[in-house]
2 protein chains.
Amino acid sequence: MTETVTAAGTSTGSKSEQAYAAVKARIIDGAYSPGYRLVLAKIAEDLGVSVVPVREAIRRLEAEGLVKFERNVGATVSGIDPTEYLYTMQTLSIIEGAATALSAPLIGEADIARARAVNAEMRDCLQHFDPVRFTQLNQDFHSVLFEHCPNPHILDLVHRGWNRLAALRSSTFRFVPGRAHQSVDEHEALLRLIETGASADDIEKAARLHRSATLDAYLAQAAATDHHTPQQ
Amino acid sequence: MTETVTAAGTSTGSKSEQAYAAVKARIIDGAYSPGYRLVLAKIAEDLGVSVVPVREAIRRLEAEGLVKFERNVGATVSGIDPTEYLYTMQTLSIIEGAATALSAPLIGEADIARARAVNAEMRDCLQHFDPVRFTQLNQDFHSVLFEHCPNPHILDLVHRGWNRLAALRSSTFRFVPGRAHQSVDEHEALLRLIETGASADDIEKAARLHRSATLDAYLAQAAATDHHTPQQ
DNA sequence: GTAATAGTTTTCGTATACGATTTCGTACTC
DNA sequence: GAGTACGAAATCGTATACGAAAACTATTAC
């Protein structure tokens, strides 16, 4: 009957869950861009549910940092702020570094091979200039590394960071070709470290630097183009 | 008028906020111990509000890992599980390590002096065997170190970890005197590293180890006393 | 005595409704 | 003409109510 077809095929049953997934998807894919005003009643109508589950969904998204909520005023899609980007990237570099180091001993040859295949495809994307697919593959690559992470809390933090980035990137942050080439090389170097059984410390440092370098590239570009801060 | 006096003097106005603060406080101070069944209607009545804001509060606490929520069944105070403790401590060691390293350059002489005073009082607590105050001072000590942390996301993660631990510790995990002495010494060592301007890397390692050592002490004790896992 | 089942109770999930708060527009005054 | 005050509209926050799902209990069949 009703079974409102939410963005992705999320038929978990709970209206609240549906609303959460739908709004989250729209934020991440950029349909709701940063600053967008999320009006409960409007979203509720769009999704064919009442405001209560929508409110719950919004607050959950707030806890994940995807929306900003103001008492008696309403919710807006968060993001934009370069400072926020810096915070997120810095946190992510730490978390991903740890996640990679913890996962490394559990990564087998098959995983390495799969990661290499993904990385090769990323190189292709650079030839054909396909930044969207590149970004997707980049996630796939890191997913291979992290899927064995023995600490679910850390894995959860990684995913949260990714979601934030996805929301930010989809609207404000540009693709930096020079950095992308370097990134692919760093992936290969990481894989070599892992398969040669490098120390956890070395792997962590490399993984951290991988993320930090992307941040630095962004900062450099921002400075170079005299990036005018889009205000909230 | 009404202004329901919630547990702590939390008169933020919003019922949802009140419920959140009240339930959180009860979990952390142990009034609601792990496994305790959180029935919406009952809590709502206790607090003198309706179920809607209580539900919102509970879900917020779920996002922070303090309660476990099951669809159509209800919420229980999470915790107990030693595995969960391990995950939390491991994550915290990483986050605190980074937080300390990032804060270090911003810590001044006054902060160091304050931290030393707290640490001295911790030593006293060991003489008089006052584990409750010791735990409080321990938080104070680390607060001094972290309060200058330039990345609010990381600081937030630290606080979340502490809350989880508080909820766990208050009911299940025991005070380990031997470890406590060592902990105080490590604090002093950390302060020396910071005031001598050691490298961020060294500070991070030391801070991480400080937390890891506590985890190890727990694991050793658990193994020694053949700690029988209290089931959910 | 045990297991399956039907009925009852508890508790959750969400729709609806209404009071409270903010915001926006308009008119009025200086 | 600019600023302020007042009123209307929009939106949030929460109480209440009811349907749905799960858990519990008692009963019956084997």
Side-chain angles (χ1 to χ4, degrees), chain A residues 1-7 10-24 26-27 32 34-63 66-78 231-232, chain B residues 1-7 10-24 26-27 32 34-63 66-78 231-232:
Chain A
M1 37 150 261
T2 58
E3 183 58 27
T4 345
V5 180
T6 59
T10 55
S11 53
T12 339
S14 158
K15 307 279 180 79
S16 158
E17 201 69 28
Q18 286 178 19
Y20 168 77
V23 176
K24 183 173 175 177
R26 283 171 200 191
I27 291 175
Y32 293 158
Y36 185 88
R37 181 83 184 280
L38 298 168
V39 178
L40 295 185
K42 194 166 166 298
I43 295 174
E45 191 179 310
D46 286 357
L47 300 178
V49 300
S50 86
V51 296
V52 178
V54 173
R55 182 185 164 88
E56 185 167 310
I58 300 277
R59 299 226 56 163
R60 222 170 122 190
L61 291 167
E62 184 203 11
L66 290 180
V67 315
K68 204 162 138 265
F69 203 88
E70 210 172 340
R71 171 90 194 274
N72 276 323
V73 174
T76 54
V77 177
S78 69
Q231 70 268 19
Q232 192 71 317
Chain B
M1 36 149 270
T2 58
E3 183 58 28
T4 343
V5 180
T6 59
T10 55
S11 54
T12 337
S14 159
K15 307 279 180 79
S16 159
E17 200 71 26
Q18 286 178 20
Y20 168 76
V23 175
K24 183 173 176 177
R26 284 171 200 192
I27 291 174
Y32 293 159
Y36 185 87
R37 182 81 184 281
L38 297 168
V39 178
L40 296 184
K42 195 165 166 297
I43 295 173
E45 193 181 329
D46 285 357
L47 300 178
V49 300
S50 87
V51 296
V52 178
V54 173
R55 182 184 164 88
E56 185 168 310
I58 299 277
R59 299 227 56 163
R60 222 170 122 191
L61 290 167
E62 184 202 11
L66 289 181
V67 314
K68 206 164 136 260
F69 203 87
E70 210 174 340
R71 172 89 194 276
N72 276 324
V73 174
T76 54
V77 177
S78 69
Q231 70 268 19
Q232 192 75 318

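Below, read A as the first sequence line, B as the second, and so on, with proteins coming before strands; counting in each chain starts at 1.
- Where A/E56 and A/E70 meet DNA chain C, the nucleotide closest to each residue was compared, and A/E56 sits on the side nearer the 5' end.
- When the side-chain contact (heavy atoms from CB on, under 4.5 Å) test is applied to A/V39, the partners found at least two apart in sequence or on another chain are A/R37, A/K42.
- Atom P of nucleotide C/dC12 and atom CZ of B/R59 are separated by 12 Å, given to the nearest angstrom.
- Rounded to an integer number of Å, the gap from A/K42 NZ to D/dC12 P is 12 Å.
- Considering only side-chain atoms of B/V39, the nucleotide from C/dC12, D/dA22, D/dC12 that sits closest is C/dC12.
- Backbone-only contact: A/L38 has heavy atoms under 4.0 Å from sugar-phosphate atoms and none from a base.
- When all heavy atoms of B/V51 and B/A41 are compared, the pair lying nearest together is CG1-CA, 3.9 Å.
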Identify each atom pair where a protein N or O and an N or O of nucleotides 15-17 of chain D are less than 3.5 Å apart, giving names and distance.
from   : atom 1 : to    : atom 2 : distance (Å)
D/dA15 : OP1    : B/K15 : NZ     : 3.0
D/dA15 : OP2    : B/S50 : N      : 2.5
D/dA15 : OP2    : B/S50 : OG     : 2.2

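- Residue B/Y36 contributes atom OH, which lies 15 Å from atom C1' of C/dT11 at whole-angstrom precision.
- Shown here are the side-chain contact (heavy atoms from CB on, under 4.5 Å) partners of A/S16, two or more places apart in sequence or in another chain: A/S14, A/P53, A/E56, B/R59.
- In this structure, the side chains of A/I43 and A/V49 stay at 4.5 Å or more apart for every pair of heavy atoms.
- Qualifying side-chain hydrogen bond (donor to acceptor under 3.5 Å, both in side chains) partners for B/Y20, counting only residues two or more places apart in sequence or in other chains: B/K24, B/E64.
- Rounded to a whole Å, the CG atom of A/L40 is 19 Å from the P atom of C/dA20.
- Atom-to-atom distance recorded for B/Y36:OH and B/I27:CD1 is 10.5 Å, nearest 0.5 angstrom.
- A salt bridge between A/E17 and A/R60 is present, with a side-chain N of the basic residue lying under 4.0 Å from a carboxylate O of the acidic one.
- The distance from the CZ atom of B/R26 to the CG atom of B/D46 is 6.5 Å, given to the nearest 0.5 Å.
- Comparing A/R71 and A/S16 by the nucleotide of DNA chain C whose heavy atom lies nearest to each, the residue mapping closer to the 5' end is A/S16.
- In this structure, the side chains of B/L38 and B/V77 come closer than 4.5 Å at one or more pairs of heavy atoms.
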Output one line per pair: protein atom, nucleotide atom from nucleotides 6-8 of chain D, and distance, for all N/O pairs under 3.5 Å.
none

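- To the nearest angstrom, C1' of C/dT10 lies 12 Å from CG of B/N72.
- At the phosphate of D/dC12, neither OP1 nor OP2 sits under 4.0 Å from any side-chain N or O atom of B/S14.
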